[in-house]
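Here the structure comes first, spelled out in structure tokens, and everything after it is commentary.
A, B, ... follow the sequence lines: proteins, then strands. Residue 1 opens every chain.
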Amino acid sequence: MQDKYNPEEIEMKWQKYWAERRLHKTPPTPPLNKGGQGGVEKFYCLEMFPYPSGKIHMGHVRNYAIGDVIARYKRMCGFNVLHPMGWDAFGLPAENAAIKHGVHPAKWTYENIEYMKKQLDRMGLSYDWDREVTTCSPEYYKWNQWFFLKLYEKGLAYKKASFVNWCPSCVTVLANEQVIDGKCWRCDSTVVQKELEQWFFKITHYAEELLQGCDELTGWPERVVAMQKNWIGKSEGVEVDFPINGTDEKLRIYTTRPDTLFGVTYMCIAPGHHLAEKLVGDKSKLEVVKAKYGKMEDKEGLFTGHYATNPLTDEKIPIYVANFVLMEYGTGAIMSVPAHDQRDFEFAEKYGLPIKVVIVSEDRSAVSSQQPAEQLKEAYEEEGVLINSGQFSGLKSADAKREIGKYIEEKGFGKRTLNYKLRDWGISRQRYWGTPIPIIYCDKCGVVPVPEKDLPVILPEDVKFTGKGGSPLLESEPFLRVKCPKCGGAARRETDTMDTFVDSSWYFVAYCLGKNKIAFNSHLKTPSSELNYWMPVDQYIGGIEHAVLHLLYSRFFTKGMRDLGIVNVGEPFKNLLTQGMVCKETWRCPEHDWLFPEEVKDGRCMRCGKEAEKGRVEKMSKSKKNVIDPDALIKKYGADTMRLFSLFAAPPERDLEWSDKGVEGAYRFLSKVWGIVYKYKGQETSIPIAYNLSPIASSLLRKTHQTIRKVTDDIEKDYHFNTAIAAFMELVNEMSSFNAETEEDRAALGFAVKSTLLMLAPFVPHFSEELWEVMGEATGEKSSIFEHQWPAWDEELAKEEEIELVVQVNGKLRAKILVPAGLSDDDAKQRALQEQRVKEMLDGKQIKKVVVVKGKLVNIVIG
RNA sequence: GCCGGAGUGGCGGAAUUGGUAGACGCAAGGGACUUAAAAUCCCUCGGGUCUCUGACCUGUACGAGUUCGAGUCUCGUCUCCGGCACCA
């Protein structure tokens, strides 16, 4: 080899070596002991799998570099590591490519996978490809269908009509997350609410458990847990029945403010409420309100002409239909208390409805009981003391909530209940490139599930992509026409496919089983040994954008799988690391908008010469022209440098600002290490280290042990790779100025180099392998550096002999003195008082107190 | 509005249970080597003042407080970022 660092050559060499030796293969699952534990401790390291969009981007690079360091580190620490990768391969972009370029989604997807897989390997990532998962393959999506059937059996998958986000231009339903500011993410058309029949998964069945489980997620970032809790949105309140005058019907409402029940002056029901049709005479007017459902900006109401009775006051209350009342939350009907709810207040003003004050703040209760309601400028939403509330007047809100709740239950007016914002998961998609929903519609038998033995329902490939909207499956006669499994008569298949979030809700379980080995059985008493051993995921790493959706769905699925006896854990991801975005500065021209950095010269747009404006540092995106192509970067600097920089520039959870100069710095660091190794290679460095070392050698030895301790701590604590790398740099700086003269010196340096290479290995694997070989360590059985143990430090050798004692006077730094470590407090105090600077300051002053912090400082307090 | 998170040099970022603010890197400036450049190596690098080989003052968004001592703890204020947002 040569003494100049040439990344491309060595990276190819070692990638080939790893592949040939199958070094990243998952260790076989050990047989279960009685306690259910295998012999060796396992570690399941998982990164969110990518959508095969065509090429890897910097976000992936960062995500996978982090995961790879953890996986390789854990292997070196002796864990059985599972580190798999796969493809979230169903999705709309493939279908769009088909419409636009005439390529079949399957071809497009598999070609992208092939290319991206090469890119991942080129990064030197240590995946066990034997466990690769591709969600668009029938072997995989068969089990989506199987889960669907299991949920259907349990009543946890069902079909209902509801309002959904509908894009009139794409002619399909959109998930909530695909609606951005009320517009379609794809074509920018305004999304409308449309009533449609859809398949749902009953995630609300697990609402309480999903909420309770949040407290177990101690290894998750707090904000993600907070977002999950927020999304589930539990509230406590009461349901109260208001009899509708002149009918036998009762209008049931839900409220979290039973303390304001005496202030109800009208009621509102959602346009989709089952009583709306009944109560409203003029259907065309109802349609107007319906059309504005979900458009929350302007409140639209319609008086039904009917009244209800407040069971607590016997007051006559008008009933309205209102567009802002949600059908999906609570009972779809509300009581309106304009004095104490801003929305109700605004609605009351618009329609001239009365306002009745029943709560006042504690300190002015006496005065404001007389205050006329007309003087209110806005609702008083705080809690306070009740007035005008019969026998409950004078109670504080908190007490009143409890007492009124009891009273309502005693009198049979209603009951105390819990409510959740979480809604059932609508999984139907009017798209082609997804899992067919295994349902058959028969005119005689109705909705018939596809029998388990007939799975998978294969997605037909021979279809036409018109781009006119609507699923191509609607046009596929062979797919559509089917015999009813029950009666054998002519029947029709469901043409909707599943939301792709279904695919990613259990892929982490599929990895435990391996390629072509995915199979579940709901009749087993205990989970398979693989699933028992590997689940849960010990470390999950991915972007924050999935804080709610994917992570919530996966938690739901895990609970479902647990109840089917497939896994024995209730939570899928023990620890979660949400890595920050990869950002870069942007450039803008007043005329040509976003510019590539190459289009800017001396701060001016090269096309028109106008002054280019340096924009904000933004997330890398094609549209903002601030992306860095990983391929080009690898070509120039190698994968190791790219990995090292992305781990060094910021702690993993924070946003990372890309810096070309910083990349060069990372490359420089590696070249420096390379140079040191080549300078000393061939020299005997493995002789035992003697006790009588020269001062420089003993200092280097100490620094080495300190570095091992620091790096191990940084990785173990919070995966703070940036400070770990800084520690490498410090050690390397000391190594590079080290002049070995004696054999002992060389031994100390050899130890430092070897320790450094072992620690660098998870970060820059090819580089470390190569230098390990150059050092002559790659011999015998353990020819790979990754077959060696992570280095251990010796606490004794890491100890400093001398420390710098800080001397303060009145808390201000006045002197620093070198003292032997382990100096007694008294001696430290004496040494401090003898210091020249201190003597000067003490002149004629009284010493009030002396504070000694062992091994750190002495603070002398004077008057 | 509600819930999170964050404010430290020119920049990215470090700072155990409160104990030397600015590790490490980048940029910048100066020097060495060189015919020259690149690369490499060495030095300086928060701001300010002075009697300038040194010393002092000041400094972690802002204002108070606790403490011998606060980037770190407490209270209040401001700004920025993210999420949710008529959820009754």
(request) Using the C1' atom as the reference point in each nucleotide, state the distance between C73(B) and U16(B) in Å, no decimals. (result) 16 Å
(message) Please determine whether a side-chain nitrogen or oxygen atom of Thr256(A) lies at a distance below 4.0 Å from atom OP1 or OP2 of C87(B).
(response) no
(message) Using a distance-only criterion (donor-acceptor N/O pair, under 3.5 Å, no hydrogens), is the base of U20(B) paired with the side chain of Glu804(A)?
(response) yes
(request) Report the nucleotide, chosen from G13(B), G5(B), A88(B), that has the shortest atom-to-atom distance to any side-chain atom of Glu222(A). (result) G5(B)
(message) Whole angstroms only, please: what is the CG-C1' distance between Leu647(A) and G12(B)?
(response) 15 Å
(request) Provide, to the nearest angstrom, the distance between the CG atom belonging to Asn810(A) and the C1' atom belonging to A70(B). (result) 16 Å
(request) Using the P atom on both, measure U72(B) against U66(B) and round to a whole Å. (result) 15 Å
(request) Identify whether any heavy atom of Ser235(A) sits under 4.0 Å from a base atom; if not, whether one sits that close to sugar-phosphate; answer base, sugar-phosphate or nothing. (result) sugar-phosphate
(request) List the steps and the verdict of side-chain hydrogen bond (donor to acceptor under 3.5 Å, both in side chains) for Glu382(A) and Ser397(A). (result) CA-CA 9 Å; Glu382(A) 318 287 305; Ser397(A) 287; over 6 Å; no
(request) Tell me whether G9(B) sits syn or anti, counting syn as a glycosidic angle within 90° of 0. (result) syn
(request) For residues Tyr266(A) and Asp344(A), determine if any side-chain heavy atom of one lies less than 4.5 Å from a side-chain heavy atom of the other. (result) yes
(request) In whole angstrom, give the distance that lies between atom CZ of Arg62(A) and atom P of G12(B). (result) 14 Å
(request) Begin with the C-alpha distance, continue with both residues' side-chain angles, and end with the deciding distance and a verdict on side-chain hydrogen bond (donor to acceptor under 3.5 Å, both in side chains) for Glu208(A) and Tyr420(A). (result) CA-CA 9 Å; Glu208(A) 185 59 29; Tyr420(A) 301 89; 2.2 Å; yes
(request) Could you work out which one of C26(B), G13(B), G82(B) sits closest to the side chain of Arg654(A)? (result) G13(B)
(message) So if I apply the side chain to side chain contact (heavy atoms under 4.5 Å, CB included) rule between Leu386(A) and each of Thr260(A), Leu261(A), Val358(A), Asp259(A), which one comes out positive?
(response) Asp259(A)
(message) Could you write out RNA chain B as dot-bracket? Rules: Watson-Crick or G-U wobble, both distances under 3.5 Å, brackets [ ] for crossings, | for pairs with another strand, dot for unpaired.
(response) (((((((..(((......[....))).(((((.......))))).(((((...)))))..(((((..]....))))))))))))....
(request) Decide, for C75(B), between syn and anti: a glycosidic angle within 90° of 0 counts as syn, anything else as anti. (result) anti
(message) In whole Å, I'd like the distance from the OH atom of Tyr266(A) to the P atom of A88(B).
(response) 16 Å
(request) Would you kindly give the NZ-to-P distance between Lys856(A) and U17(B), to the nearest whole Å? (result) 11 Å
(message) Please compare Arg257(A) and Val224(A) by the position of their nearest nucleotide in RNA chain B and report the one closer to 5'.
(response) Val224(A)
(message) Let's see if you can work this out: which of G13(B), A23(B), A88(B) has an atom nearest to the side-chain heavy atoms of Ala726(A)?
(response) A23(B)
(request) Using the C1' atom on both, measure G25(B) against G13(B) and round to a whole Å. (result) 8 Å
(message) Need one value for Gly330(A): base, sugar-phosphate or nothing, where a base atom within 4.0 Å counts as base even if backbone is also close, heavy atoms only.
(response) nothing
(message) For a quick test of reading the model: is some side-chain N or O of Asn733(A) closer than 4.0 Å to OP1 or OP2 of G25(B)?
(response) yes
(request) Decide whether Lys672(A) and Asn733(A) meet the rule of one side-chain donor and one side-chain acceptor closer than 3.5 Å. (result) yes
(request) With P as the reference atom in both, quote the distance from G22(B) to C45(B) in angstrom, rounded to an integer. (result) 12 Å
(message) Applying a 4.0 Å non-hydrogen cut-off, can you work out what Gln342(A) is touching in the nucleic acid: base, sugar-phosphate, or nothing?
(response) nothing
(message) Strictly below 4.0 Å: does Arg814(A) bring a side-chain N or O up to OP1 or OP2 of C68(B)?
(response) no
(message) Looking at Lys816(A), I'd like to know whether one of its side-chain N or O atoms comes within less than 4.0 Å of OP1 or OP2 on U20(B).
(response) no
(message) Whole angstroms only, please: what is the NZ-P distance between Lys421(A) and C2(B)?
(response) 14 Å
(message) Does C56(B) have OP1 or OP2 under 4.0 Å away from a side-chain N or O of Arg837(A)?
(response) yes
(message) Using side-chain hydrogen bond (donor to acceptor under 3.5 Å, both in side chains), reason through Asn626(A) and Thr586(A) one step at a time and then give a plain yes or no.
(response) CA-CA 6 Å; Asn626(A) 64 341; Thr586(A) 52; 5.8 Å; no
(request) Just call it for Asp344(A): base, sugar-phosphate, or nothing, with non-hydrogen atoms closer than 4.0 Å on any strand. (result) nothing
(message) Given A88(B), C68(B), A23(B), identify the nucleotide with an atom nearest to the side chain of Glu730(A).
(response) A23(B)
(message) Counting only side-chain nitrogens and oxygens, does Lys812(A) get under 4.0 Å of the OP1 or OP2 atom of U58(B)?
(response) yes
(message) Checking side-chain polar atoms at under 3.5 Å, does Ser235(A) have a donor or acceptor matched by the opposite partner on Asn419(A)?
(response) no
(request) Assign a letter to each nucleotide of nucleotides 39-53 of chain B from its 5' end: B, base within under 4.0 Å of a protein heavy atom; S, sugar-phosphate only; -, no contact. (result) -S-------------
(message) Would you measure the distance from the P atom in A64(B) across to the matching atom in G10(B) and give it in whole Å?
(response) 24 Å
(request) For the side chain of Met729(A), starting at C-beta, report the closest nucleotide among G25(B), C68(B), G12(B). (result) G25(B)
(message) Regarding Lys661(A), tell me which of base, sugar-phosphate or nothing describes its non-hydrogen contacts under 4.0 Å with the strands shown.
(response) sugar-phosphate
(request) Tell me, yes or no, whether the heavy-atom count around Lys234(A) atom NZ, taken from other residues, nucleotides or ligands under 6.0 Å, exceeds 12. (result) yes
(message) At 4.0 Å (heavy atoms only), tell me whether Tyr420(A) reaches a base, stays on the sugar-phosphate, or touches nothing.
(response) nothing
(request) Rounded to whole angstrom, note down the P distance from G29(B) over to G47(B). (result) 15 Å
(message) Just the rounded figure in Å: distance from C1' of G1(B) to CG of Asp341(A).
(response) 13 Å
(message) If I pick the P atom on U44(B) and the same atom on U79(B), what distance separates them, to the nearest angstrom?
(response) 42 Å
(request) Decide, yes or no, whether a salt bridge links Lys703(A) with Glu730(A) under the criterion of side-chain N to carboxylate O below 4.0 Å. (result) yes
(request) Please report the C-alpha distance between Asp825(A) and Lys829(A) in whole Å, then the side-chain angles of each, then the deciding distance to 0.1 Å, and finally whether the salt bridge (charged side-chain N to carboxylate O under 4.0 Å, His left out) criterion is met. (result) CA-CA 6 Å; Asp825(A) 286 6; Lys829(A) 184 174 158 184; over 6 Å; no
(request) Nearest whole angstrom, please: distance from the C1' of G13(B) to the CZ of Phe648(A). (result) 8 Å
(message) Using a 4.0 Å heavy-atom cut-off, does Pro651(A) contact any base of the nucleic acid, only the sugar-phosphate backbone, or nothing at all?
(response) sugar-phosphate
(message) Do the side chains of Arg814(A) and Glu835(A) get close enough for a salt bridge, i.e. N-O under 4.0 angstrom?
(response) no
(message) Mind checking if Asn419(A) touches a base, just sugar-phosphate, or nothing, with heavy atoms under 4.0 Å?
(response) nothing
(message) Categorize Asn859(A) for me: base, sugar-phosphate, or nothing, with a 4.0 angstrom heavy-atom threshold over every strand shown.
(response) base
(message) Work out how far the C1' atom of G71(B) is from that of G7(B), and round it to whole angstrom.
(response) 11 Å
(request) Assert yes or no for the condition that the ring centre distance of Phe767(A) to Tyr5(A) is strictly below 6.0 Å. (result) yes
(request) May I ask you to check whether Phe347(A) and Phe324(A) place their ring centers less than 6.0 Å from one another? (result) yes
(message) Can you identify which nucleotide, out of A88(B), G5(B), U20(B), has its nearest atom closest to the Val806(A) side chain?
(response) U20(B)
